[in-house]
Amino acid sequence: MRTITVFKGDGIGPEITDAVLKILDAAGAPLEYEIFRVGAAEYEEHGALIPEAAFASFERNKILLKSPITTPIGKGFRSLNVTLREKYDLYANIRPAKSNSAVATPFPNVDIVTFRENTEDLYVGVEQQIDPDTVHATKIITRKASTRIITDAFEYARAQGRKKVTCVHKANILKQSDGLFLSIFQEIAARYPDIEAEDKIVDNVCMQLVMRPQQFDILVMPNLYGDIVSDLTSGLIGGLGLLPSSNLGKDYAMFEAVHGSAPDIAGKNIANPTALLWSACMMLEHLGELEIARRIRQAVDKVLEEGSCKTPDIGGSATTMEYCEAIIARL
Ligand code: NAI
């Protein structure tokens, strides 16, 4: 048995976490859970967004399955997600977007993995009010952070038998910061002659993604572009309900859906738990539980193929729990 830490966040977070833990148990995942409530409600009741005991649990267990947390816009506390990524140096945010033939979209056969640098760029959140009408924001790009995410992208390509890595940047305008990222990409690419390497400007990539997404294999980019472009890739495969992610560092690993707390559908029992479930499968694979992850993925595929039990975001009318029970029945 392996003990992992689970954070139940805000909005749809608790509903999808309950569904996912039920499926993991039904699949016989050899896991025990230390479950914590984090976010706005926890703050109001106990004065901390993440309780000390929750940090301590993650530091002990090293593995975190996390559901989304609401972040106030334009004011209030700093994103807890950004805080966790920084505090535990979870530098590699990996977001695989793969078409499922049972989910209808205008974009068949998409299979793109985004490697997003997760610790710097504009996400350092350093802003300075110069005068009442002027604000500056600091963008940080370092050799250390760029080298490790780009190297991870090429290593992943090699290990998974992938063909191509595309560096996404805006070095035509940000000649020094994105220019550094691009030049490091070129240095590292030269060490992987078996993998095709190319670079493209981020605006062009967005256009190409909706015209001919099949040309892309692995994308690697700084933090902010990675956030935006990976949401775009979720749209290609049927929406945010289907995009999982891992956040990996040297010592810690966190797995979460790419989507947020979806306040518009919270509490209605219609959220799609697949993105969090597939994140849990990435966690199982990380822990070496390949067979259990495979069985869960297969059960999800079967339910989607049969077509009668889908959540509303992908064209069905099933509730979160009906979908969850259908997966369990096929395990
Ligand atoms: P969102 O991802 O929560 O929702 C965008 C749209 O996608 C909504 O229409 C929502 O209903 C739909 N959606 C998202 N996940 C879904 C699911 N599993 N099933 C069905 N439909 C789903 O983005 P939004 O509304 O911009 O952000 C809401 C809050 O979440 C904000 O406070 C934001 O800061 C936070 N957020 C947190 C993240 C995290 O904790 N990792 C990531 C992104 C946003």
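Values in this document were obtained by computation on a predicted structure and should not be read as measured data. Atoms within a ligand are numbered from 1 in the order they appear, just like the ligands themselves.
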Interatomic distance, CG@N272 vs CD1@I314, rounded to 0.5 Å, equals 5.0 Å
Requested in this report: Flag D264 as yes when one of its N or O atoms lies below 3.5 Å from any N or O atom of ligand 1, and as no otherwise.
Outcome: yes
Please check whether N81 reaches ligand 1 - meaning an N/O of the residue sits under 3.5 Å from an N/O of the ligand, judged on distance alone. yes
Within the 4.0 Å heavy-atom cut-off, what N272 brings close to ligand 1 is both
CG of N269 to CD1 of I16, rounded to nearest 0.5 Å, is 12.0 Å
Q) Is G241 close to ligand 1, meaning an N/O of one under 3.5 Å from an N/O of the other? A) no
Practice item. Return a yes/no value for P68: is any of its N or O atoms, backbone included, closer than 3.5 angstrom to an N or O of ligand 1? Key: no
Closest non-hydrogen atoms of S246 and N93, given as atom of the first, atom of the second and distance, are O-ND2, 3.1 Å
Original post:
With ring centroids as reference points, do F55 and F36 lie under 6.0 angstrom apart?
Top reply: no
Does the structure place the NZ or CZ of R85 under 6.0 Å from the centre of the six-membered ring of Y123, at an angle of no more than 45° from the ring's axis? no
Among non-hydrogen protein atoms, atom 22 (C) of ligand 1 lies closest to I265 CD1, 4.1 Å
Atom 3 (O) of ligand 1 has as its nearest protein heavy atom A262 N, 2.8 Å
Do L31 and L64 belong together in a cluster built from hydrophobic side chains that touch within less than 4.5 Å? no
| query | Taking C-beta and beyond as the side chain, do L236 and L232 meet within less than 4.5 Å on heavy atoms? | reply | yes
Quick look: T71 vs ligand 1, heavy-atom contacts under 4.0 Å, and the answer is both
The protein heavy atom nearest to atom 6 (C) of ligand 1 is L240 CD1, 4.5 Å
Heavy-atom distance from atom 12 (C) of ligand 1 to the protein below 4.0 Å?
no
Item to complete: Say whether A275 and ligand 1 are in contact under the criterion: heavy-atom distance to a ligand atom below 4.0 Å.
Response: no
Here the atoms of ligand 1 under 4.0 Å from any heavy atom belonging to P263 are 28 (C)
Closest to atom 29 (C) of ligand 1 (heavy atoms only, candidates A257, S261, G9, G260) is S261
*Heavy-atom side-chain contact between D251 and E59 under 4.5 Å*: no
One should read off an interatomic distance between M282 CE and E256 CD, to the nearest 0.5 angstrom, of 11.0 Å
- Backbone N or O of T70 within a donor-acceptor pair of the D10 side chain at under 3.5 Å? yes
Contact region, I12 to ligand 1, non-hydrogen atoms below 4.0 Å, reads side chain
Please check: side-chain N/O of T105 versus main-chain N/O of G238, any donor-acceptor pairing under 3.5 Å? no
query = Quick one: are the ring centres of H286 and F255 less than 6.0 Å apart?
reply = yes
Q. So is there a nitrogen or oxygen of H259 less than 3.5 Å from a nitrogen or oxygen in ligand 1?
A. yes
* Work out whether the distance between some heavy atom of I16 and some atom of ligand 1 is less than 4.0 Å. => no
What one should report as the nearest heavy-atom pair of P108 and Q214 is O-NE2, 2.7 Å
Here the atoms of ligand 1 under 4.0 Å from any heavy atom belonging to E256 are 41 (N)
Practice task
Indicate whether atom 34 (O) of ligand 1 is within a distance of less than 4.0 angstrom of some protein heavy atom.
Solution key: yes
Here the atoms of ligand 1 under 4.0 Å from any heavy atom belonging to T70 are 32 (O)
among protein heavy atoms, the one nearest atom 37 (C) of ligand 1 is I69 O, 3.1 Å
Q) Are there protein heavy-atom neighbours of atom 27 (O) of ligand 1 below 4.0 Å? A) no
